Amino acid sequence: MSPHAQDTVPTGTNNWWKEATVYQVYPASFYDSNGDGWGDIPGVVEKVPYLHSLGIDVVWLSPMYDSPMHDMGYDVSNYEKVLPAYGTVKDVEDLVEACHQRGMKLILDLVVNHSSDEHAWFKESRSSKDNEKRDWYFWRPPRYDEAGNRMPPSNYRGYFAGSTWTWDETTQEYYLHLYAKEQPDLNWDNRATREAIYNSAVRFWLDKGVDGFRVDTVNKYSKHTDFPDAPITDPKSDIQPAIQMWCNGPRIHEFLREMYDESFAPYGDVMTVGELANTPNPKNVLEYVGASAKELSMVFHLDIGHIGMGPSLEEKYIFHPWKLTKMKSIVEKWQSFIEGTDGWTTAFCENHDNGRSVSRFGSDAPEFREISAKMLALMMVTMTGTLFIYQGQEIGMINAPRDWSIDEYKDIEGLGYYREAERRSASGDDPKRKERIMDGLRILARDHSRLPMQWDGSEHAGFTTGKPWMRAHDLSKEINVKKQENDPCSVLSFWKDVLRLRKKYRDLFIHGAFEVLDYENQETFCFVKSRDDRQALVVLNFTAASQPFTQAEKTVGKSLLVSNYDSSCLETLGPFEGRVYV
Ligand code: TEU
């Protein structure tokens, strides 16, 4: 590698966060240090050396704020307090310290599209129509149909299977919530609300030394506040998909620029990664992540997570078989769009809102579990952008067993879909919906990624000595950190090796230009990463059968850098084989 590889980087300033490997910790399920069945912040502190040995640069801690936990902490009742089961503000300061001591950084999850209905701001807002904080949330009077029945102000379907409007008896008005009724949307149009958000949720934590934020639902802060009805696309339902009413709204860039100027920039090169839904056009994405836009460092494009999901909110948890060309077109789009611009991108295939990648994109059959986890690792470490790994991905954790009943599922979103399906099946409106949704949840539910982290083969996977809030995987004796740590052939050891290679070949893997070679092929995914006169060739077999290596002639002049097979023949790719040539 050229010693000056970084000088040749074409994508603008090489900020510290561009080459970072980020590890997402879901605090409830990571490590329980006090035996109460819930993971906690001291538990994360204890595992910092483990993350450091893996090669992690940044820890992203999912919400740890005080919360009634209707949506696992994405319903914050006090931004300046920590959920008692997780610890204290002081514990978070200790975690900052533990990360910084090892040259690592810590980012938090900034959840400010909505608060909890138990937040003091909402309690005041709902108390009376003339309360000074009334306008901090969206309150609207009812409508009435011809028969005089009360109806919500608009026909929107929210994310968690129900209307976005809930009636409040006290003041006889509806309030808006894109998610659960316990998550009322904050009114960003009000300057005083924005100022309170910046102070309480952003500056409070930057003052404590955190290095940035993952910014939840980042493009939903500006709504079309006249709330017109959405077009009827689901005639059987009285609620309709209405995402265009709140994604990329009229004032969104004004708000994000203001937050940048007033809350991030004064603290230096703060890392911000926004969660950007429903922004299909790369040109519009650059409006958020171009360095000159001064809004966000980077965003997640959620398309990979949506593979296999239905096309609309109504169909979301009905599994739709997919083809490899789908994956390729998504990867190509979000790998290439920054080339020649001042924007930056991200690479990830797992988070707390999705099933496990091995179960979805590889195979969790015992004979293919490890090999396909390694193949997916090769895909991820060779991708341009900041890399995000989700806890347990590094040991190849898989979805919950298929025979677990709905009682093991805890997530508000999945359960909302399931209960709606039960009603619709029982009423005869859609008799098979319940089974189709349950089938979808087995692959796609958010619960799969929320099972306890598998540390060892002891009871509850070594996650807790108490009763875990969510059941540990039946296979935790087979898939766990302890078993893999000293095995040079394990998935964990493989991740450690390839994360090092990612840094060594940073000009190609982190900054390279991306090109797909075999777009039409539904079995293999071959792509090239290049910069100046240097090239890497990545070859991945996404099937459980051997496949011809159609791009073999492209290896001329290159040598094999890494593979998940010990040996193989050039022209044939074994099941889930992955190779990287440079
Ligand atoms: O998710 C945002 C979001 O819009 C969801 O639709 C997400 O893509 C979906 O749940 C995937 O199944 C964020 C958080 O990541 C999620 O955990 C929260 O529930 C949500 O915001 C509300 O805060």
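Quick caveat: nothing in here was measured; it's all calculated off a predicted structure. Atoms within a ligand are numbered from 1 in the order they appear, just like the ligands themselves.
In this structure, the ring of H301 has its center less than 6.0 angstrom from the ring center of F337. Checked against a 6.0 Å centroid threshold, the rings of W246 and F138 do not count as neighbours.
Among protein heavy atoms, the minimum distance from atom 12 (O) of ligand 1 is reached at E413 OE1, 3.0 Å. Annotation: atom 21 (O) of ligand 1 to nearest protein heavy atom, D216 OD1, 2.9 Å. Closest to atom 22 (C) of ligand 1, if we only count protein heavy atoms, is D71 OD2, 3.5 Å. The protein heavy-atom contact nearest to atom 10 (O) of ligand 1 is R446 NH1, 2.8 Å. Protein heavy atom nearest atom 3 (C) of ligand 1, with residue, atom name and distance: Y179 OH, 3.1 Å. Looking only at protein heavy atoms, the nearest one to atom 15 (O) of ligand 1 is D353 OD2, 2.4 Å.
By the 4.0 Å N-to-carboxylate-O rule, R436 lies too far from D439 to be salt-bridged with it.
For ligand 1, the atoms sitting less than 4.0 Å from at least one non-hydrogen atom of T217 are 2 (C), 21 (O), numbered in the order shown with element in parentheses. The distance from ligand 1 to the heavy atoms of E275 drops below 4.0 Å at these ligand atoms: 1 (O), 2 (C), 3 (C), 13 (C), 15 (O). For ligand 1, the atoms sitting less than 4.0 Å from at least one non-hydrogen atom of F160 are 19 (O), numbered in the order shown with element in parentheses. Residue H352 has at least one heavy-atom neighbour below 4.0 Å for each of these atoms of ligand 1: 14 (C), 15 (O), 16 (C), 17 (O). Near K220, with a cut-off below 4.0 Å to any heavy atom, the atoms of ligand 1 are 3 (C), 4 (O). Numbered from 1 in the order shown, with element, the atoms of ligand 1 that lie under 4.0 Å from a heavy atom of Y317 read 12 (O).
Taking the six-membered ring where tryptophan is involved, the planes of Y74 and H352 are essentially parallel, since the angle between them stays under 30° and well short of 60°. Taking the six-membered ring for Trp and thresholds of 30 and 60 degrees, Y79 and W121 have ring planes inclined between 30 and 60 degrees apart.
At distances below 3.5 Å, at least one donor-acceptor pair connects side-chain atoms of D32 with backbone N or O atoms of D36. D66 places no side-chain N or O within 3.5 Å of a backbone atom of S77 that could act as its donor or acceptor partner.
By the 6.0 Å and 45° rule, R251 does not stack over the aromatic ring of W188.
For R419, the CZ atom sits in a loose shell: 12 or fewer heavy atoms of surrounding residues, nucleotides or ligands are nearer than 6.0 Å.
When the options K316, M309, H114 are ranked by their closest heavy atom to atom 11 (C) of ligand 1, first place goes to K316. Across the listed options L302, N351, I412, L302 owns the non-hydrogen atom lying nearest to atom 8 (O) of ligand 1.
Using a 4.0 angstrom heavy-atom cutoff, R214 counts as in contact with ligand 1.
With a 4.0 Å heavy-atom cut-off, ligand 1 is reached by no atom of H70.
Of the candidates F463, W455, W469, W455 is the only one forming a ring pair (Phe, Tyr, Trp, His ring centres under 6.0 Å) with F30.
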